[in-house]
Amino acid sequence: MTTLSPAPTPATPDWAPFRVLLEAQRADCVGQRELALAETATSMPDPVAVNRAASLLRTIEEIDAALERIAAGTYGTCVHCGSAVPTERLEFRPFAAACVSCQQTR
């Protein structure tokens, strides 16, 4: 009598290197944002510094969301269509939440 072995499950990607990269980018953004906020603390705030601080805050929020996706097991999957986000895209922009196709249409 032959027994069937279960079908091999696809290997789950190791996102640990991306977690390290995201945490390093987050720390860098936090530091840059603190500098930008310090520049806005004058009597005449620099509008460029204000915009830079706001942009860095958005990036920090995107990084936090990516770290949450890693914890939830959904990192590397497009939040819009559910397809896999290419590793090359994640290497370039590790906090990308969408595949290129969905990103272009939004």
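Position 1 is the first residue of the sequence, and the numbers go up from there.
The side-chain contact (heavy atoms from CB on, under 4.5 Å) check on S83 picks up C78, C81, C99, with sequence neighbours excluded. Residues satisfying the side-chain contact (heavy atoms from CB on, under 4.5 Å) criterion with L35, sequence neighbours excluded, are absent altogether. Taking the salt bridge (charged side-chain N to carboxylate O under 4.0 Å, His left out) definition, one finds that R26 meets it with D64, sequence neighbours left out. Partners of R93 under the salt bridge (charged side-chain N to carboxylate O under 4.0 Å, His left out) rule, at least two apart in sequence or in another chain, are E62. Looking at residues two or more places apart in sequence or on another chain, you find no side-chain contact (heavy atoms from CB on, under 4.5 Å) involving V20. Judged as a side-chain contact (heavy atoms from CB on, under 4.5 Å), and not counting sequence neighbours, E68 has no contacts. Taking D46 as the reference, nothing meets the salt bridge (charged side-chain N to carboxylate O under 4.0 Å, His left out) condition, with sequence neighbours excluded.
Here CZ of R58 is found 13.0 Å from CD1 of I63. Values are rounded to the nearest 0.5 Å.
Sorted by first and then second residue, the ring-ring contact (aromatic ring centres under 6.0 Å, His included) pairs involving residues 46-65 (not counting sequence neighbours) form an empty list. Applying the ring-ring contact (aromatic ring centres under 6.0 Å, His included) test to every pair with at least one member in residues 24-54, sequence neighbours left out, gives no pairs at all. Applying the ring-ring contact (aromatic ring centres under 6.0 Å, His included) rule to pairs touching residues 48-70 yields nothing, sequence neighbours excluded. Within the structure, the ring-ring contact (aromatic ring centres under 6.0 Å, His included) test picks out the following pairs touching residues 70-106 (sequence neighbours left out): W15-Y75, F18-Y75.
Using a distance-only test at 3.5 Å, with no hydrogens or angles considered, no donor-acceptor pair links the side chain of S55 to the main chain of R52.
In the hydrophobic clustering, V30 connects to I60, either directly or through intervening members, whenever side-chain heavy atoms lie under 4.5 Å apart.
Considering every non-hydrogen atom in both D14 and P17, the closest pair reads O-CD, 3.5 Å.
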